Undergrad: 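Input: one structure, supplied below.
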Amino acid sequence: MPRRLKLFLYRSRRDLRKRTSTGWHILLEKGPSQVQFWLIALVIGIASGFAALGFRKGIETLQAALYGTDDLAHLHSFAGTLPWYWVLLLPAFGGLVVGIILNWFTHDGRVRAVADVIEGAALWEGRVEKRAGLGSALASLITLSTGGSSGREGPVVHLAAVISSWVSARIKADGVTGRDLLGCAVAAAVSASFNAPIAGALFALEVVLRHFAVHAFAPIAIASVAGTVINRIEYGDVTEFILPAEGSLAFYVELPAFLLLGLVCGVVAVILMRSIFWAEDVGDSLQRSLRLPKVLRPAFAGLILGAMAIWYPHIIGVGYETTSVALTGGLGLQLAITFVVVKVAAVAITMAGRMGGGVFSPALMVGALTGLAFGIVATAVFPDVSGSETLYALAGMGAVAAAVLGAPISTTLIVFELTGDWQTGIAVMAAVSLSTALASRWVDRSFFLTQLERRDVHLAAGPQAYLLSTVRVASVMRTVDHERAANEKQCWELIEQGVYIDGNATLEAVMPMFETSAARFVPVVTLGSEGDPPELWGAVFQVDALKAFNRALAETAAEEHS
């Protein structure tokens with residue numbers, strides 16, 4: 001059957017299916033703007049909320065069993081009374097289990113988290129790896145229950161993304177719909193984790209989708225509310241942290257101190273992020289030099305954490321007890337600074353050991369301790385014009401977390417919703433603005449985007465930088481039998497000069513070749529086995545590549561401004 005006839009019949013059948021299922025077609029093609037789509041958003045929000053709740057309850061249950069206490073609010077204090085060998089060996093045992101899990105569920109032994117969700121939203125039509133995601137969630141649960149020093153938001157966000165990816169695959173959602181379903185899942189997971197519905201919705205828009213399109217807001221808000229309701233059914237309408245008193249701020253006099261605190265927190269955030277990346281590089285180097293099996297890498301890191309926890313049990317788990325103590329001013333200057341240093345080291349070891357978990361909760365803890373230390377000094381130097389040192393702890397908590405996440409808006413709101421203190425907004429916003437601006441100059445905008453840059457996934461610079469990697473050469477090339485195909489003789493001349501590209505490559509690889517070779521087209525080949533000549537399939541023309549890039553930019557702009 002001629003190719004044109006096949007294409008005609010295919011299009012006819014497709015049009016018939018569309019006419020007989022108009023409602024479903026509208027849902028898939030124009031999903032986020034349709035009321036029907038909101039029902040799916042609600043279902044995903046409920047499912048993601050229960051996933052976040054189950055993850056949290058799982059950590060609490062396992063921690064209570066392993067450490068032998070029901071008072072998890074004071075787990076760190078209780079751990080200090082346990083036998084030293086138990087505190088030492090429990091994280092190592094947990095690391096061994098994590099290594100086995102990751103070796104089974106992943107091909108590279110790497111935990112999936114927020115950075116992978118951002119990559120899925122940008123490059124994979126809102127999809128993430130399902131098997132690796134489930135394994136990562138289980139590994140992170142073990143890590144946080146046995147003494148790992150990280151947060152629970154990273155694995156929860158990715159677990160929710162697995163749910164939305166499954167739904168997107170079932171309904172065959174397009175890129176726009178898949179991304180918005182992903183945003184719904186993330187919003188619900190964050191809201192259910194922190195009882196923060198406003199911040200959950202904005203986190204999905206600001207960090208994961210990285211735009212504030214109107215069409216996405218309604219379903220994401222619905223999912224975020226659903227996640228919050230799931231949390232409040234179990235825990236009630238209570239904040240994570242209780243502040244001692246309402247903060248007071250002498251605006252004109254004290255505001256410069258909070259601006260200075262923002263700069264200090266920006267530096268601390270950069271140190272935290274770069275410590276993690278440096279520790280990862282050291283871990284990779286040690287693993288190669290010692291020929292350490294990847295399954296044992298988390299156990300080795302857990303042993304180091306256990307040794308640290310004998311003297312500093314506050315590094316265990318999420319660290320909310322120490323954060324609460326800092327926000328209430330229960331630590332002195334020397335202890336606060338010491339805890340910052342030890343916590344940064346513990347988080348770096350946990351991440352470098354590929355044990356799992358997120359960075360948001362550790363950033364909150366490091367920020368609160370940094371703010372408290374700064375506040376103790378500030379109130380001692382200017383006692384007559386300064387407020388409480390706990391106000392500096394609150395501002396520091398937001399400033400470090402915002403710089404790490406690269407999300408000043410949603411992080412500021414999360415801090416308010418975690419504490420219930422909306423009266424100190426000026427202080428928090430002043431510190432957050434400068435910390436984010438400063439830290440973004442030393443990293444690629446955020447911890448997550450810098451992680452991706454280290455994997456050669458270039459999202460930090462925006463769509464113009466990464467869209468080329470989403471278009472396959474094979475989709476824009478002109479085959480050898482094309483009516484306007486490239487001259488075959490010229491193609492072979494270019495191949496002999498080393499100017500050719502594989503059909504599975506993307507425009508990101510071929511565009512620089514146009515610049516260096518000054519050719520109008522680049523031959524597309526399939527390389528044979530060693531000694532066999534390449535097989536010519538066609539050529540990709542520069543004008544076709546530019547048209548495809550322009551279409552991708554236009555589609556992205558339309559999505560972000562709809």
Side-chain angles (χ1 to χ4, degrees), residues 55-98 139-152 235 238 240-244 298-351 353 355-358 361-370 372-373 376 390 393 397:
F55 189 83
R56 181 173 179 175
K57 298 294 288 185
I59 293 173
E60 292 175 353
T61 301
L62 197 53
Q63 277 185 339
L66 293 174
Y67 285 96
T69 178
D70 294 327
D71 187 11
L72 295 176
H74 298 88
L75 173 64
H76 305 154
S77 300
F78 180 80
T81 66
L82 293 175
W84 67 269
Y85 54 84
W86 188 251
V87 177
L88 172 68
L89 297 179
L90 187 57
F93 173 74
L96 180 61
V97 175
V98 166
S140 297
L141 188 149
I142 300 296
T143 293
L144 292 168
S145 303
T146 57
S149 191
S150 55
R152 64 172 182 257
Y235 294 103
V238 296
E240 289 284 351
F241 305 114
I242 306 298
L243 300 183
F300 187 71
L303 189 63
I304 299 175
L305 288 172
M308 294 175 63
I310 294 174
W311 287 275
Y312 298 101
H314 79 283
I315 67 171
I316 293 173
V318 177
Y320 278 176
E321 179 187 353
T322 305
T323 305
S324 296
V325 172
L327 290 174
T328 54
L331 297 173
L333 176 61
Q334 182 177 353
L335 203 55
I337 295 175
T338 301
F339 280 4
V340 167
V341 175
V342 175
K343 184 63 176 180
V344 168
V347 174
I349 293 169
T350 303
M351 294 295 182
M355 297 183 70
S361 295
L364 291 176
M365 177 176 167
V366 170
L369 291 167
T370 301
L372 176 63
I376 291 173
T390 58
M397 181 171 72

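Fair warning: this is a prediction, and the values are worked out from it, not measured in the lab. By convention here, the first residue in the shown sequence is residue 1.
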Undergrad: How long is the gap from CE on M355 to CG on L144, to the nearest 0.5 Å?
TA: 9.0 Å
Undergrad: If you measure from CG on L369 to CG on L333, what distance do you get to the nearest 0.5 Å?
TA: 11.5 Å
Undergrad: Measure the spacing between NE2 of H314 and OG1 of T338 and express it to the nearest 0.5 Å.
TA: 9.0 Å
Undergrad: Kindly give the heavy-atom pair with the smallest separation between T350 and G356, and that separation in Å.
TA: CG2-O, 3.8 Å
Undergrad: Got a donor-acceptor contact below 3.5 angstrom from the W86 side chain to the L66 backbone?
TA: yes
Undergrad: Measuring from T370:OG1 to M365:CE, what's the distance to the nearest 0.5 Å?
TA: 10.5 Å
Undergrad: Determine the minimum heavy-atom distance between G306 and P91, stating which atoms define it.
TA: CA-CG, 3.8 Å
Undergrad: OH/Y320 to OG1/T323 distance, rounded to the nearest 0.5 angstrom?
TA: 7.5 Å
Undergrad: Let me confirm one number: the OG1-CG distance from T328 to L372, rounded to the nearest 0.5 Å.
TA: 8.5 Å
Undergrad: Might you point out which heavy atoms bring A301 and G353 nearest each other, and give the distance in Å?
TA: CB-CA, 3.6 Å
Undergrad: List the atom of I316, the atom of A309, and the distance in Å for their closest heavy-atom pair.
TA: CG1-CB, 4.2 Å
Undergrad: Just wondering, do S150 and T143 contact through their side chains at under 4.5 Å, heavy atoms?
TA: yes
Undergrad: Answer yes or no: is there a side-chain heavy-atom contact under 4.5 Å between I142 and L62?
TA: yes
Undergrad: Can you give me the closest heavy-atom contact between S140 and G357, atom names plus distance?
TA: OG-N, 3.1 Å
Undergrad: Does some side-chain heavy atom of T390 sit less than 4.5 Å from a side-chain heavy atom of L327?
TA: no
Undergrad: Specify whether Y312 and F339 have parallel, tilted or perpendicular ring planes, treating 30° as the upper limit for parallel and 60° as the lower limit for perpendicular.
TA: perpendicular
Undergrad: Please find the pair of heavy atoms, one from I315 and one from M308, that lie closest to each other, and give the distance.
TA: CD1-CB, 3.8 Å
